[in-house]
Amino acid sequence: MIDLKQLEQSFESTATALRRRGVDETKLADLKQLFEEKKALRQKLETAQAEQNAKSRLFGEYKREGKDLSALQAEVAANKKRIAELNEALKRVEERLLNEAAAVPNLPDPDVPDGEDENDNVELKRVLEPTTFDFQPKEHWELAESNGWIDFERGVKVAKSRFSSLRGMGARLERALINYMLDFNRKRGFEEVWVPAIVNDASLYGTGQLPKFADDLFKIEGEELYLIPTAEVPLTNLYRDEILSREQLPLKMTAHTPCFRKEAGSAGRDTRGIIRQHQFDKVELVCITRPEESDRVFEEMVACASDLLTSLGLPHRHVLLCAGDMGFSAAKTIDLEVWLPGQGCYREISSVSNTRDFQARRAKIRFKDENRKNRLVHTLNGSSLAVGRTLIAIMENYQQKDGAIAVPDALKPYL
RNA sequence: CGGGGGAUGGCUGAGUGGUCGAAAGCGGCGGUCUUGAAAACCGUUGUAGCGCAAGCUACCCAGGGUUCGAAUCCCUGUCCCCCGGCCA
């Protein structure tokens, strides 16, 4: 959630920042007006309530002294009606305000480039040279098929399209990768955490998936529960409605979970292979920090994911997302894209975002600062890495002329 | 899923209609004492909104209701605990 006070007091700069994300300015003007309307209504209501409280207190006194109550009763009854009306009006305005405010994306950081989509993203750097072959490299689904690592048809039979099953070395590598990644992150100071893969709507609201993106989620029938689209949701929400002490920060966590996404808007995209599945494994990084240190921690997270790829010998590049291509909650995002020789292009394998106080405001995660004031924390999340896509990257980068696949040295102890 | 009991401030726990934002204890913070510490003693200690301030308003799980007035009474929901059933 954006800071409505900031919107009210610095409308121009806020609107300018949000225009970069395609937010309509008239909508923001409406929002500002609603906010002011709410303030005015609340003031009226509170004045009326103060009056009611003062008069109600007189009842006890009057009774003790045996005074006549009828005049007082009439006044209080009229005021009561007014309070009810004001209350009603306030509630309506607040509901509208909340609905509209909850649908506004985060402000992009000043150093985030302008742009509409992935074509305007900025490549920051490349790590490792793209793998070269003296034969025509294959795409991962061919390799998966010939090596018997992925069973596409039976996965679909058991569930539906965009589901699959890993077999033999494919499944073992998936598990090895998970363990390797968790250990790698732990050595970088991230606490290993295990979390529920089902969360409630309050959690999804807290991290920004709800109310706007309900269509992307698998909902449990008859319950206000959902399968998680990313471990970011349970990890961040571990601290929802909490006030942390300064000493606890920064919190650095890592977790492996399955992730479930409907991929509602992706019909026809990446239908071959396991690039885009309804269920996939991911090892996630989530940090909760003081505002002053979130930039530093952001860099640590990017470095952690990038070094992980390097340690697996996977060529990749860092991409700074433009304002139009960022996710709803992010103020700044760096994607890591891994080189896929079979496809001959870079594909997203990790995404690290600083949401600043956007999620913290929604989820009410605060800390006591040095003056014992409660302030919003900054929350950050990043994949480290999408495990299925890492498996793909290994298949395509480590393929041999005969179609066999070598194992990266780093993973050998895990197999 | 069936039966019973609960939900109060950082924690424990009192409070069953009228200065209750809430006793008491513990904890935290500041101080006195001490070479230092402990103990003891004194003071202080929830969150949010509005306001220059004094102050006002809201919050005792959540949402409704009764009442001039609700932490306290009524209804609904959620969560937790105990007993039983089922179960990795």
Side-chain angles (χ1 to χ4, degrees), chain A residues 1-9 31-99 101-102 194-206 210-211 219-226 234 237-249 251 257-258 288 357 360-377:
Chain A
M1 178 107 84
I2 61 163
D3 185 353
L4 291 174
K5 243 190 213 172
Q6 189 192 332
L7 179 72
E8 186 200 25
Q9 286 163 8
L31 199 58
K32 183 188 174 197
Q33 202 201 321
L34 264 178
F35 182 70
E36 283 165 350
E37 211 174 303
K38 183 199 87 166
K39 261 173 77 169
L41 266 173
R42 164 156 285 158
Q43 222 150 28
K44 277 189 200 161
L45 173 67
E46 288 185 358
T47 308
Q49 280 172 324
E51 194 186 319
Q52 193 78 344
N53 287 345
K55 286 189 172 144
S56 291
R57 250 167 294 196
L58 289 177
F59 270 80
E61 212 176 290
Y62 276 35
K63 273 186 184 165
R64 240 176 291 123
E65 295 168 6
K67 285 189 188 164
D68 178 36
L69 289 175
S70 52
L72 190 58
Q73 257 159 353
E75 278 177 49
V76 141
N79 195 40
K80 190 185 180 181
K81 203 173 152 221
R82 186 172 144 74
I83 288 176
E85 285 163 6
L86 284 168
N87 215 344
E88 194 73 14
L90 179 65
K91 222 181 266 179
R92 272 200 305 270
V93 169
E94 274 183 335
E95 198 189 321
R96 270 177 60 205
L97 181 67
L98 197 70
N99 279 342
W194 186 91
V195 287
I198 293 179
V199 293
N200 55 33
D201 49 357
S203 293
L204 286 159
Y205 179 84
L210 287 181
K219 186 174 185 194
I220 312 250
E221 193 181 345
E223 313 254 8
E224 283 306 316
L225 294 171
Y226 302 78
N237 278 284
L238 286 175
Y239 294 95
R240 176 155 45 83
D241 292 321
E242 291 198 27
I243 299 171
L244 302 162
S245 71
R246 246 174 127 247
E247 297 71 53
Q248 280 175 276
L249 302 177
L251 279 158
T257 66
I288 296 180
D357 61 13
R361 186 171 294 107
R362 292 170 87 102
K364 296 194 178 64
I365 308 175
R366 291 168 295 177
F367 76 104
K368 278 222 184 294
D369 72 5
E370 54 278 11
N371 301 315
R372 296 207 296 175
K373 278 279 286 180
N374 294 337
R375 289 169 60 203
L376 294 169
V377 298

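A note on names: the letters A, B, ... follow the listed sequences, proteins ahead of strands, and every chain is numbered from 1. Predicted model only: the values in this text are computed from it and were never measured.
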query = Does a side-chain heavy-atom distance below 4.5 Å link A:K38 with A:L34?
reply = no
key: A:L86 CG - B:A58 P separation (whole Å)   = 13 Å
request  = Considering only atom P, compute the distance from B:G30 to B:U78 and round it to an integer number of Å.
outcome  = 45 Å
ask   = Which comes earlier along RNA chain B counting from the 5' end, the contact point of A:F35 or that of A:K368, where each point is its nearest nucleotide?
value = A:K368
key: C1' gap between B:G10 and B:G46, integer Å   = 9 Å
request  = Would you jot down, in residue-number order, the residues of residues 73-84 of chain A having a non-hydrogen atom under 4.0 Å from RNA chain B?
outcome  = A:V76, A:K80
request  = Could you walk me through whether A:R361 and A:D357 pass salt bridge (Lys or Arg N to Asp or Glu O under 4.0 Å), step by step?
outcome  = CA-CA 6 Å; A:R361 186 171 294 107; A:D357 61 13; 3.0 Å; yes
P-based separation of B:G6 from B:G21 [nearest Å] = 26 Å
message = Taking the cut-offs as 6.0 angstrom to the six-membered ring centre and 45 degrees off its axis, would you call A:R375 and A:F367 a cation-pi pair?
response = no
task = For B:U19 versus B:G55, give the span between their C1' atoms, rounded off to a whole number of Å.
result = 16 Å
task = Return the value, rounded to whole Å, for the distance between atom CZ of A:R42 and atom C1' of B:C59.
result = 11 Å
task = Report the distance from atom CG of A:N200 to atom P of B:G77, rounded to the nearest whole Å.
result = 19 Å
Under 3.5 Å, which protein N or O atoms sit close to an N or O of nucleotides 61-64 of chain B? Give each pair with its distance.
residue, atom, partner, partner atom, Å
B:G64, OP1, A:K91, NZ, 2.6

task = Not counting sequence neighbours, list each pair that qualifies as a side chain to side chain donor-acceptor pair (under 3.5 Å) and has a residue in residues 82-94 of chain A.
result = A:R42-A:E94
message = How long is the straight-line distance from CG of A:N200 back to CD1 of A:I220, given to the nearest 0.5 Å?
response = 11.5 Å
Under-3.5 Å N/O pairs linking protein and nucleotides 54-57 of chain B:
residue, atom, partner, partner atom, Å
B:U57, OP1, A:N53, ND2, 3.1
B:U57, O2', A:Q49, OE1, 3.1

ask   = Which listed nucleotide (B:G69, B:U47, B:G49) is nearest to the side chain of A:S56?
value = B:G69
task = For RNA chain B, produce a single dot-bracket line, 5' to 3'. Pairs: Watson-Crick or G-U wobble, both distances under 3.5 Å. Symbols: ( ) within strand, [ ] crossing, | other strand, . unpaired.
result = (((((((..(((.....[.....)))((((((.......))))))(((((....))))).(((((..]....))))))))))))....
key: Rounded interatomic separation in angstrom, taking NZ from A:K373 and C1' from B:U45   = 16 Å
Separation of B:U47 P from A:R240 CZ (nearest whole Å) = 21 Å
query = What is the distance from atom CG of A:N374 to atom CD1 of A:I365, rounded to the nearest 0.5 Å?
reply = 13.5 Å
query = How long is the gap from CZ on A:R366 to CD1 on A:I243, to the nearest 0.5 Å?
reply = 4.0 Å
query = Can you tell me if A:S203 uses its side chain to pair, donor with acceptor, with the backbone of A:V199 under 3.5 Å?
reply = no
query = For the atom pair CG (A:N79) and NZ (A:K81), what is the distance rounded to the nearest 0.5 Å?
reply = 12.0 Å
query = Can you name the residues that form a salt bridge (charged side-chain N to carboxylate O under 4.0 Å, His left out) with A:E37, not counting sequence neighbours?
reply = none
key: Heavy-atom check, side chain of A:K80 versus side chain of A:Q52, under 4.5 Å   = yes
request  = State the OH-CG distance between A:Y226 and A:D201, to the nearest 0.5 angstrom.
outcome  = 5.5 Å
query = Rounded to the Å, how far apart are A:I243 CD1 and B:G28 C1'?
reply = 14 Å
query = Quantified in whole Å, what is the P atom distance between nucleotide B:G9 and nucleotide B:U47?
reply = 14 Å
key: Salt bridge A:E224-A:K219, side-chain N to carboxylate O under 4.0 Å   = yes
Worked check of side chain to side chain donor-acceptor pair (under 3.5 Å) between A:S56 and A:N53 = CA-CA 5 Å; A:S56 291; A:N53 287 345; 5.5 Å; no
ask   = Rounding to the closest angstrom, what is the interatomic distance between B:A7 and B:A14 at atom C1'?
value = 15 Å
message = Roughly how many Å apart are B:C61 and B:U8, using the C1' atom of each and rounding to a whole number?
response = 10 Å
request  = Could you give the distance separating B:U72 and B:A62 at their P atoms, to the nearest angstrom?
outcome  = 11 Å
key: Separation of atom CG in A:L4 from atom P in B:A48, rounded to whole Å   = 16 Å
ask   = To the side chain of A:K5, which of B:C50, B:U47, B:C68 is closest?
value = B:C50
ask   = Mind checking whether A:F35 and A:L7 have side chains closer than 4.5 Å, heavy atoms only?
value = no
query = Taking atom P of B:U47 as reference, at what distance in whole Å does atom CZ of A:F367 sit?
reply = 14 Å
inquiry  = Just N and O in the side chain of A:R366: are any of them under 4.0 Å from OP1 or OP2 of B:U47?
reply    = no
